[in-house]
Amino acid sequence: QVQLVESGGGLVQAGDSLRLSCAVSRRTFSDYGIGWFRQAPGQEREFVAGISRGGGNTNYAESVKGRFTISRDNTVNTVYLQMNSLKPEDTAVYHCAATQFWSARTTRDDYDYWGQGTQVTVSS
């Protein structure tokens with residue numbers, strides 16, 4: 001069983017930055033690709049960013065390219081999502097997820113384990 005716990009969400013103004021963290025309770029953390037997804041009220045959960053097991057492969061949704069950066073530190077079993085130049089449309093609950101695929105997967109169904117999420121609210 002893999003447990004994921006997100007942190008770092010909050011209320012910020014447009015243009016501000018936030019860094020989300022995803023702590024993974026698994027000794028073999030490096031066996032999992034990790035992704036970030038978000039879900040706004042009344043909308044489906046959508047892919048934001050993904051990173052491969054070793055961290056050398058990343059993918060981003062078009063809406064966040066150039067503003068968000070995903071990274072991982074396998075020594076502390078944590079994945080980060082640095083979010084810059086935040087916009088009101090980035091407001092959502094952000095979830096991290098783990099996949100046994102090695103690459104940076106973009107499809108929700110490819111992920112096996114999910115965290116409870118952290119709220120990000122961006123005011124205009």
Side-chain angles (χ1 to χ4, degrees):
Q1 187 71 15
V2 180
Q3 293 183 323
L4 302 96
V5 179
E6 304 92 338
S7 61
L11 172 62
V12 297
Q13 294 187 332
D16 285 351
S17 298
L18 275 177
R19 189 177 79 158
L20 305 183
S21 298
C22 173
V24 182
S25 62
R26 181 72 178 185
R27 197 155 46 92
T28 55
F29 171 66
S30 59
D31 285 350
Y32 293 88
I34 303 293
W36 284 97
F37 290 75
R38 65 187 182 187
Q39 188 166 19
Q43 297 187 22
E44 291 193 357
R45 192 170 296 186
E46 64 173 3
F47 171 77
V48 176
I51 191 165
S52 60
R53 291 176 182 174
N57 175 240
T58 57
N59 268 320
Y60 296 92
E62 285 296 323
S63 59
V64 307
K65 276 184 181 178
R67 298 189 298 125
F68 290 11
T69 302
I70 188 170
S71 61
R72 67 189 294 161
D73 185 344
N74 286 354
T75 65
V76 293
N77 287 17
T78 302
V79 171
Y80 305 98
L81 185 67
Q82 178 66 44
M83 306 186 296
N84 299 329
S85 302
L86 282 162
K87 305 175 181 180
E89 50 263 44
D90 294 318
T91 295
V93 176
Y94 284 70
H95 300 265
C96 62
T99 174
Q100 295 185 57
F101 286 99
W102 75 268
S103 60
R105 312 299 289 184
T106 63
T107 304
R108 189 174 57 188
D109 290 346
D110 286 342
Y111 288 82
D112 307 296
Y113 306 98
W114 292 82
Q116 292 299 307
T118 184
Q119 176 71 47
V120 172
T121 303
V122 185
S123 63
S124 57

Rounded at 0.5 Å granularity, tell me how far [atom1] in [X] sits from [atom2] in [Y].
X	Y	atom1	atom2	answer
D109	T99	CG	OG1	11.0 Å
L18	T118	CG	OG1	8.5 Å
F68	S63	CZ	OG	7.5 Å
W114	C22	CH2	SG	11.0 Å
R67	L86	CZ	CG	6.5 Å
N74	Y32	CG	OH	13.0 Å

[X]-[Y] co-clustered via ILVMFWY side chain contacts under 4.5 Å:
X	Y	value
F101	I51	no
V79	Y113	yes
V120	I34	yes
L4	Y94	yes
W36	Y60	yes

[X] side-chain N/O to [Y] backbone N/O, donor-acceptor pair under 3.5 Å:
X	Y	answer
N77	S25	no
E6	G117	yes
R53	D31	yes
Q100	D112	no
N59	A104	yes
R72	G55	no

Considering all heavy atoms of both residues, which atom of [X] and which atom of [Y] are nearest to each other, and what is their separation?
X	Y	answer
T78	S21	CG2-CB, 4.2 Å
H95	G115	ND1-O, 3.1 Å
F47	A61	O-CB, 3.4 Å
S124	P88	CB-CG, 3.8 Å
S17	S85	OG-N, 4.3 Å

All side chain to side chain donor-acceptor pair (under 3.5 Å) counterparts of T121, not counting sequence neighbours
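Listed in chain order: Q119.
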Just checking, R19 and Y80: is the charged tip under 6.0 Å from the six-membered ring centre and within 45° of the axis?
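Flagged: R19 positioned over aromatic ring of Y80.
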Using a cut-off of 6.0 Å, state whether more than 12 heavy atoms not belonging to Q3 lie near its atom CD.
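Counting other residues, nucleotides and ligands, CD of Q3 stays at 12 neighbours or fewer.
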Counting neighbours of CD on E46 that are heavy atoms of other residues, nucleotides or ligands and sit closer than 6.0 Å, is the number greater than 12?
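Atom CD in E46 is packed in, count exceeds 12.
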Where do V24 and V2 land on the side chain to side chain contact (heavy atoms under 4.5 Å, CB included) test, with the steps shown first?
CA-CA 7 Å; V24 182; V2 180; 3.6 Å; yes
Can V64 and M83 be said to form a side chain to side chain contact (heavy atoms under 4.5 Å, CB included), step by step?
CA-CA 8 Å; V64 307; M83 306 186 296; over 6 Å; no
